[in-house]
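Here is the naming used below: chain letters follow the sequence lines, and residue numbers restart at 1 for every chain.
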There are 2 protein chains.
Amino acid sequence: MKPEYSIKQQQLMDTAEQLFSRKGFEGTSVRDIAEEAGINTAMISYYFGSKEKLMEAIFEQRSLNIKEQVDILLKDERLDAFQKVYHLVDEYIDKIMQRKKFHRILLCEEVINQNPVIVELLAKMKNRNSSWISDLIRHGQKKRLFKKQVDIPMMMNTLIGTITHILVNLEFYRSYHNLESLSEEEFEKVIKKRLSAHIKIIFKAILTNES
Amino acid sequence: MKPEYSIKQQQLMDTAEQLFSRKGFEGTSVRDIAEEAGINTAMISYYFGSKEKLMEAIFEQRSLNIKEQVDILLKDERLDAFQKVYHLVDEYIDKIMQRKKFHRILLCEEVINQNPVIVELLAKMKNRNSSWISDLIRHGQKKRLFKKQVDIPMMMNTLIGTITHILVNLEFYRSYHNLESLSEEEFEKVIKKRLSAHIKIIFKAILTNES
DNA sequence: CAAAATTAATTAAACGTTTGTTTAATATAG
DNA sequence: CTATATTAAACAAACGTTTAATTAATTTTG
């Protein structure tokens, strides 16, 4: 399904991701990317066809897919419905924090919404993921642990909105709480832990509170 | 303090905001803006100095400031601490929904983070607003309605993250819930109502839940 | 109050860069 | 020998900004 990329192609995609996330798609030139990657400018068109298609390749490779994880969670009988949802929350935090740069680009691209290939890709991804989340929620509703009416996109909005918004405010958060002395990894651990606890409280409220 | 702008300048700022929010700052040319506004291209440099400074002018004019609202809320003795916070939540929803285009630009600009004037402006705004929120939260803590430790930036992250993330997913939300038949205004009313109820549940949980 | 002088607004054209992409030549590998 | 990879150079188009000329508005002056 997914095309395989040579080392040089992967190098170009990594460098492009890095620069797109710092300067935006339009703000990054193919010369920037090529120079930073130590590869001739013409290779971008040679390998990917265009700067646009290089971007699409990045999106196709790195978009978030939760199918597998939800599959595993639904089958796992040791976990109750809440624990399943909590596991998924942590999965989202991990995956988004793991791919910070990509998700910063994603955020911008969702706003600008220009490239039809990417728009299509994201729409499919959202529908797919929402559908998997629905399965997980219905599971909790059948067990009478969750309330009957849950606005799943709204819930996902808070999940992804909270994670991605802190992603662009990491440095503000760090300085607000005087965590400058922590190393990058230590700080990331703290953030992930706090995010996890924070969102679980939120999800519990959303899933149980009867209006 | 704030510079006043002529009708033509305001026209340029409105048109620029519109285009920046659709195609990004780098993706919009001064010729695009001028043509759309029916004004000569050179007028942008003439009035604002540069495209960059036009952007800064937009930010200076439209950045969110909650000082006044918090002032009023703190003094209002008819409201308990929860109601005060809830009012502020609605204030955020209203102001951000009112300025959809600007907040889409803001979102991108926070990611890209290139223009030092805007970076400075946003940092000050965040510090100022966080400080006002702190006052409001401390008020509730003194009345023993809120728990002792509240991570205010994390709470604000969820507030703003949720609102802005739905801002870039309005159409997905609309189609998911089959609300295509609603007019723009009706749909916006529905969104604001749901956002309001949703975030209030979240805030209640964040402010009361003892870990 | 009107004419002259001055300032401000507006224009089309031109400026020098930078943009993404293509080309045609050369190098490398199988 | 052939196919792929790599290069520097060239391409036209688009970019933000400046210029110099012209028009409009405002102020000064007789």
Side-chain angles (χ1 to χ4, degrees), chain A residues 3-60 105 108-109 112-119, chain B residues 3-61 105 108-109 111-119:
Chain A
E4 302 235 333
Y5 297 104
S6 69
I7 295 167
K8 291 229 165 175
Q9 285 172 301
Q10 202 52 255
Q11 238 174 342
L12 278 174
M13 289 167 73
D14 289 344
T15 310
E17 182 187 50
Q18 159 91 359
L19 292 175
F20 289 160
S21 79
R22 273 215 325 257
K23 321 204 285 174
F25 177 74
E26 300 281 355
T28 305
S29 73
V30 290
R31 284 170 181 81
D32 287 340
I33 302 168
E35 195 183 347
E36 182 82 15
I39 293 171
N40 190 281
T41 310
M43 295 307 285
I44 290 173
S45 293
Y46 179 76
Y47 274 135
F48 297 95
S50 68
K51 181 189 172 191
E52 198 93 7
K53 284 183 185 155
L54 163 59
M55 176 81 141
E56 292 165 18
I58 293 173
F59 268 76
E60 267 154 25
I105 305 174
C108 282
E109 210 53 29
I112 294 173
N113 230 21
Q114 292 276 87
N115 182 323
V117 175
I118 292 179
V119 170
Chain B
E4 304 234 333
Y5 298 103
S6 69
I7 296 168
K8 292 232 164 175
Q9 285 172 300
Q10 201 52 254
Q11 239 176 318
L12 278 174
M13 287 166 75
D14 289 343
T15 310
E17 183 188 48
Q18 160 91 359
L19 292 175
F20 288 161
S21 78
R22 274 216 324 255
K23 319 204 286 175
F25 177 75
E26 301 281 355
T28 305
S29 73
V30 290
R31 284 170 181 83
D32 287 340
I33 301 168
E35 195 183 348
E36 182 82 14
I39 293 171
N40 189 282
T41 311
M43 296 306 285
I44 290 174
S45 293
Y46 178 76
Y47 273 136
F48 297 96
S50 66
K51 181 189 170 189
E52 198 94 6
K53 284 184 186 155
L54 163 57
M55 176 80 142
E56 292 165 17
I58 293 173
F59 267 77
E60 267 153 27
Q61 194 184 55
I105 304 174
C108 282
E109 210 52 28
V111 175
I112 294 172
N113 230 21
Q114 291 275 87
N115 182 322
V117 176
I118 292 180
V119 170

Side-chain contact, heavy-atom cut-off 4.5 Å: A:L19 with A:R22?
-> yes
Summarise protein proximity over nucleotides 16-30 of chain C in one line of letters, 5' to 3': B for base, S for sugar-phosphate only, - for none, counting protein heavy atoms closer than 4.0 Å.
-> ---BBBB--------
Sugar-phosphate only, base, or nothing, as touched by A:F48 at under 4.0 Å among non-hydrogen atoms | nothing
Starting from P on C:dA12, measure out to CD1 on B:I39 and report it in whole angstrom.
-> 13 Å
Find out whether B:F25 and B:Q114 are in side-chain contact, i.e. whether some heavy atom of one side chain is under 4.5 Å from a heavy atom of the other.
-> no
Measure the distance from CG on B:L12 to P on C:dA9 and round it to the nearest whole Å.
-> 13 Å
Is there side-chain contact between A:F48 and A:M13, with at least one heavy-atom pair below 4.5 Å?
-> yes
Can a cation-pi geometry be assigned to B:K53 and B:Y47, taking NZ or CZ under 6.0 Å from the six-membered ring centre and within 45° of the ring axis?
-> no
Please give, in whole Å, the distance from D:dA14 P to B:I33 CD1?
-> 17 Å
Below 4.5 Å, heavy atoms only, C-beta onward: do B:M55 and B:V117 meet side chain to side chain?
-> no
Interatomic distance, B:L54 atom CG to B:Q9 atom CD [nearest 0.5 angstrom] | 10.0 Å
For atom CE of B:M43 and atom C1' of C:dA12, their distance in whole Å = 14 Å
